[in-house]
There are 2 protein chains.
Amino acid sequence: MDDRMGPAGTEDVDADAEATTAGPRRPLDQMRILRAAVEFIDVNGLSKLTMRRLGAHLGVEAMALYRYVPGREQLLDGVVEMVMDELYETTNAGGLSTSWQEYLQMQAHAVRTIAVKHPRIFPLVATRPPSAPWLRPPLRSLRWVESFLQGLHDYGFRPKVSVAVYRSFATFLLGSLLLESGTLEDLTITEKVNLAFIEDDDLSSYPMISAVTEELKDGGFEVEFEAALEDLIERVTVMRS
Amino acid sequence: MDDRMGPAGTEDVDADAEATTAGPRRPLDQMRILRAAVEFIDVNGLSKLTMRRLGAHLGVEAMALYRYVPGREQLLDGVVEMVMDELYETTNAGGLSTSWQEYLQMQAHAVRTIAVKHPRIFPLVATRPPSAPWLRPPLRSLRWVESFLQGLHDYGFRPKVSVAVYRSFATFLLGSLLLESGTLEDLTITEKVNLAFIEDDDLSSYPMISAVTEELKDGGFEVEFEAALEDLIERVTVMRS
DNA sequence: ACCTGAACACCGTTCAAGT
DNA sequence: ACCTGAACACCGTTCAAGT
């Protein structure tokens, strides 16, 4: 069958009269599994996601999942597609833009929203091999890219320029948001312990670092993101000419 | 003991009279394990690296590794440190720069060299949680950051500006090089098969994409990297004032 | 001092069997 | 039609035992 998984058909019509809490009586389906996987990773982290635990989470033995999902790797691909679809919807919900600058801003913020909402999934979006070699994570869904190119076209971008913008945009988002999502991942207790161990490292032997620890700790991802976005937009202005 | 692993003491003095091919008679040590792990991932990919296989690769049972390495996760941290040390050496070998622009170029190229040389390890460098939250992958070694800040200081950068440059630089390198390393990873046969499956997707239903497949496939990471680097340097020029 | 065997508690995955 | 039990070939990790 469809060996590539992913939320293609959004057949979301059956909200049976079954209580949510009672027993998971209605049969499994791919959508339900993918949604459960997304939630599971959001809560417990990727490393805790096993077929067996996901099955348990759905009230089923692991083996039952294989009717709907070819395997763990494809499950993860499906999770990524799931999150990308979320992006696509966010993106098309937020009313029309009146300039290409606004359009890029809106797209950038949409991607950032996803990264902040799913900090433990974003690394997957960023690093899984995309379905075609010319796709650039995190902007890796054909549907999204198509719509993006269309958008730029409508603002009068020539095709070659649009491709260049797509690339710069992806690079910018990947760098900024992977870093930010990294800081947002909830750390497990043991990881925290490890950090505490390391944090007051022999930092005394790094005088330049010691001199600026305060500003290093500052964070401020938000303003940095906006500033970098402004820069990107200016670069695009140059490309366009 | 030292619970954090990593190539701290480079005790590289014993090149015994033992033939390399004969039998691995001299006892294991952490350095040898880490080097073997780097090589193993370079050749076989991260997913193939198991304690048992790495042991076999070293002519030893997996359990023997635990004398020198706390566990698999810390092994991977050690691999990352190993590669970062490679960077540090590259960086200090390439003679002095005569301007901060040249200095940044040299550092950028050094990191890119690492990414291209170890495309299957670079994602680890890029995504493993760093040892302090304010460190930014891929520029994640204290030693490297110290030396970088010192370098900028010597060119007259104020501390706050240096920190801002460090951040922009890391973001830029992360985005650019993670994408490039992604395209360089040798794909396993099964992955290739999957790609082939997907590649001639129903691309017919994406007219904007179809119109530019040629330029999308173009690649050209090298020139893109250089261009983005130039842009970054210009941004730094502004920050400096 | 350094490594191994055996064991434990897990994995992903297949497939015949149950309902 | 949908799920499970049992099994297979692996994992990481611990620890008593071998040399």
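Computed from heavy atoms alone, side chains included, the values below leave out hydrogens, waters and symmetry copies. Lettering of chains follows the sequences in order, A, B, ..., and the numbering in each one begins at 1.
Closest to the A/E61 side chain, of the nucleotides D/dT4, D/dC3, C/dC3, is D/dT4.
Under the 6.0 Å cut-off for aromatic ring centres, A/Y88 and A/F148 do not qualify, their centroids lying 6.0 Å or more apart.
Distance, A/Y68 OH to D/dC3 C1': 8 Å, rounded to whole Å. Rounded to a whole Å, the CG atom of B/L65 is 9 Å from the P atom of C/dC3.
Side chains of B/T91 and B/Q107: a donor-acceptor N/O pair is present below 3.5 angstrom, by distance only.
Closest approach of A/E146 to B/I209, counting heavy atoms only: OE1-N, 3.0 Å. Between B/L65 and B/G55 the shortest heavy-atom distance is CD1-N, 3.9 Å.
Remark: DNA chain D takes part in the stems C:4-8 with D:12-16, C:12-16 with D:4-8, each of 3 or more antiparallel Watson-Crick or G-U pairs, criterion distances under 3.5 Å.
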With B for base contact, S for sugar-phosphate-only contact and - for none (protein heavy atoms under 4.0 Å), nucleotides 6-16 of chain C reads BB---BBBB--
Test side chain to side chain contact (heavy atoms under 4.5 Å, CB included) on A/E180 and A/V116 and set out the steps. CA-CA 8 Å; A/E180 183 166 6; A/V116 169; 4.1 Å; yes
- Message: Run the side chain to side chain contact (heavy atoms under 4.5 Å, CB included) test on B/M84 and B/V125 for me, step by step, so that the C-alpha distance in whole Å, both residues' side-chain angles and the decisive distance to 0.1 Å come before the verdict.
- Response: CA-CA 8 Å; B/M84 285 311 290; B/V125 178; 3.9 Å; yes
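Side chain of A/R167 to main chain of B/L216: a donor-acceptor pair is present (N/O by atom type, distance under 3.5 Å, no hydrogens or angles). Judged by distance alone, with hydrogens and angles left aside, the side-chain atoms of A/R32 form no donor-acceptor pair with the main-chain N or O of A/L58 at under 3.5 Å.
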